[in-house]
**Q** 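This is the structure I want to talk about, given as structure tokens.
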Amino acid sequence: MPSDTGAHAGLTCCFILLALPGGMTLAYSEDLTGGRFIERPEDVGHWVLCYESIKSSALSVRQSADLLRRIMKEDHHGSDQGGMA
């Protein structure tokens, strides 16, 4: 996610969507106090919407690769300064 995106749905906690055989989807959410599986379809639907929101704001694969190259190049040039900061 580009840093200039600002606040987005994925900042509140970590989560994973699990697509199981038979078409069932579960969510697993983890925060500072622990993790939990979410099984109720209505609740899983909220996590699916959250994922879709994050996905729509994310960079494409090509844009992500370009951003990583640029960061690596900037970091490499920054380390050529010599000495310690």
Side-chain angles (χ1 to χ4, degrees):
M1 188 68 70
S3 59
D4 62 355
T5 299
H8 58 82
L11 291 175
T12 58
C13 66
C14 298
F15 70 95
I16 298 170
L17 294 174
L18 306 161
L20 303 177
M24 185 175 186
T25 300
L26 301 177
Y28 176 77
S29 170
E30 194 169 273
D31 59 26
L32 292 174
T33 60
R36 66 185 181 112
F37 282 98
I38 297 99
E39 298 180 31
R40 284 186 29 201
E42 306 83 39
D43 296 334
V44 172
H46 293 293
W47 292 100
V48 170
L49 288 174
C50 182
Y51 172 78
E52 292 298 329
S53 173
I54 294 167
K55 184 177 166 186
S56 71
S57 298
L59 297 174
S60 69
V61 172
R62 182 180 198 96
Q63 290 170 320
S64 294
D66 290 344
L67 175 61
L68 291 172
R69 277 192 219 75
R70 191 172 75 241
I71 290 169
M72 288 172 35
K73 184 177 179 183
E74 290 170 1
D75 186 52
H76 176 71
H77 289 298
S79 65
D80 287 344
Q81 300 298 319
M84 298 185 69

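Given the structure is predicted, the values throughout are model-derived calculations rather than measurements.
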**Q** How long is the gap from NE2 on His46 to SG on Cys50, to the nearest 0.5 Å?
**A** 11.0 Å

**Q** How close do Ala27 and Leu17 get, heavy atom to heavy atom, and via which atoms?
**A**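 Closest pair (atom of Ala27, atom of Leu17, distance): CB-CD2, 3.9 Å.
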
**Q** Shortest non-hydrogen contact from Leu59 to Ser64?
**A** CB-OG, 3.5 Å

**Q** Do Phe15 and Tyr28 land in one hydrophobic cluster if side-chain heavy atoms of ILVMFWY residues count as linked below 4.5 Å?
**A** no

**Q** Say you draw a straight line from CZ of Phe37 to CD1 of Ile16; how long is it, rounded to the nearest 0.5 Å?
**A** 8.5 Å

**Q** With a 3.5 Å distance limit and no angle check, can you tell me whether Arg70 reaches the backbone of Asp66 through a side-chain donor-acceptor pair?
**A** no

**Q** Do the side chains of Ile54 and Trp47 join up, straight or via other hydrophobic residues, at under 4.5 Å, putting them in one cluster?
**A**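 Yes, same cluster.
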
**Q** Cluster question for you: counting only ILVMFWY and a side-chain heavy-atom cut-off of under 4.5 Å, with indirect links fine, are Tyr51 and Ile38 together?
**A**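 Yes, Tyr51 connects to Ile38 through the hydrophobic network.
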
**Q** Please report the closest heavy-atom contact between Met24 and Glu39, naming both atoms and the distance.
**A** CE-O, 4.4 Å

